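These notes concern the structure reproduced below.
Everything quoted here is computed from the prediction, not taken from an experiment.
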Amino acid sequence: MENKLTARRVIATVALVALTLGAWAGWLGWDQERDVHPDGSTTGPYEAWQVIGLVLTLLVAVVLTAWRIHPAVPVVGVTAGLAGAAFHDWSDDATGLFMVGVVMVFVGSLAATSAVAAVVSALTSSRQRTPVPGLVWPPENRWPQQGS
């Protein structure tokens, strides 16, 4: 039974990394140009609405996986996904300072996902943390047990 739970958590973590990479690509990956204002200042490349969209997308994923699977799954999955996406997206920076940003994304996402997962875990009991049907494979209790 413990091996099945561990396998589910690993699969869920890998799926969450993939979801995070896809969310980064969908919300932030397509906008790579800095905006130059009339006074010469620059902003970007991301607009506030893009970052807010990414955060809200990942917030839903963190809450669901912390509630239904295990609180550590979204912490590891989202943190690894965001750090990997930031590294890939920013690694063409000629100054080499992109690693400072990647570390900041790593630390910030680790802190944020840990806090959200801890709150979700505190608000739910362990018996409510059951897999969502269809999201975990193979589904439990698919066939009646013999002798029950």
Side-chain angles (χ1 to χ4, degrees), residues 1-140:
M1 182 67 176
E2 185 63 32
N3 288 339
K4 287 172 73 174
L5 287 176
T6 302
R8 287 181 181 158
R9 290 176 184 162
V10 169
I11 291 168
T13 302
V14 171
L16 200 51
V17 169
L19 174 82
T20 303
L21 292 171
W24 180 288
W27 285 104
L28 306 179
W30 54 272
D31 190 3
Q32 299 297 318
E33 299 295 320
R34 292 194 174 273
D35 299 323
V36 180
H37 300 285
D39 64 358
S41 64
T42 60
T43 59
Y46 313 122
E47 299 291 332
W49 65 268
Q50 292 173 284
V51 178
I52 292 167
L54 176 64
V55 168
L56 292 177
T57 301
L58 295 178
L59 179 64
V60 170
V62 169
V63 169
L64 285 176
T65 54
W67 175 39
R68 293 295 196 169
I69 298 173
H70 192 274
V73 170
V75 173
V76 174
V78 169
T79 301
L82 285 176
F87 182 88
H88 177 72
D89 199 16
W90 300 340
S91 62
D92 60 350
D93 177 39
T95 66
L97 291 176
F98 77 95
M99 278 306 294
V100 174
V102 171
V103 169
M104 291 173 67
V105 166
F106 177 81
V107 171
S109 62
L110 180 64
T113 56
S114 296
V116 171
V119 168
V120 170
S121 182
L123 294 175
T124 60
S125 69
S126 61
R127 56 195 158 91
Q128 290 176 328
R129 193 177 297 121
T130 57
V132 176
L135 291 181
V136 179
W137 187 258
E140 289 186 26

For [X] versus [Y], what's the shortest heavy-atom pair and its separation?
| X | Y | result |
| --- | --- | --- |
| A23 | T57 | CB-CG2, 4.2 Å |
| Y46 | D89 | OH-OD2, 2.6 Å |
| T20 | G81 | CG2-C, 3.6 Å |
| T65 | A61 | OG1-O, 2.8 Å |
| W30 | Q50 | CZ2-NE2, 3.2 Å |

Got [X] and [Y] here, is their nearest side-chain heavy-atom distance under 4.5 Å?
| X | Y | result |
| --- | --- | --- |
| L82 | T113 | no |
| V105 | W90 | yes |
| I69 | T13 | no |
| V120 | P71 | no |

As an exercise, state the distance from [atom1] of [X] to [atom2] of [Y], rounded to the nearest 0.5 Å.
| X | Y | atom1 | atom2 | value |
| --- | --- | --- | --- | --- |
| L58 | W24 | CG | CH2 | 10.0 Å |
| L16 | R9 | CG | CZ | 14.5 Å |
| I52 | W27 | CD1 | CH2 | 9.5 Å |

More than 12 heavy atoms of other groups within 6.0 Å of F98 CZ: yes

Heavy atoms of other groups near M99 CE, more than 12 under 6.0 Å: yes

Polar side-chain atom of T79 near backbone of V75 as donor-acceptor pair, under 3.5 Å: yes

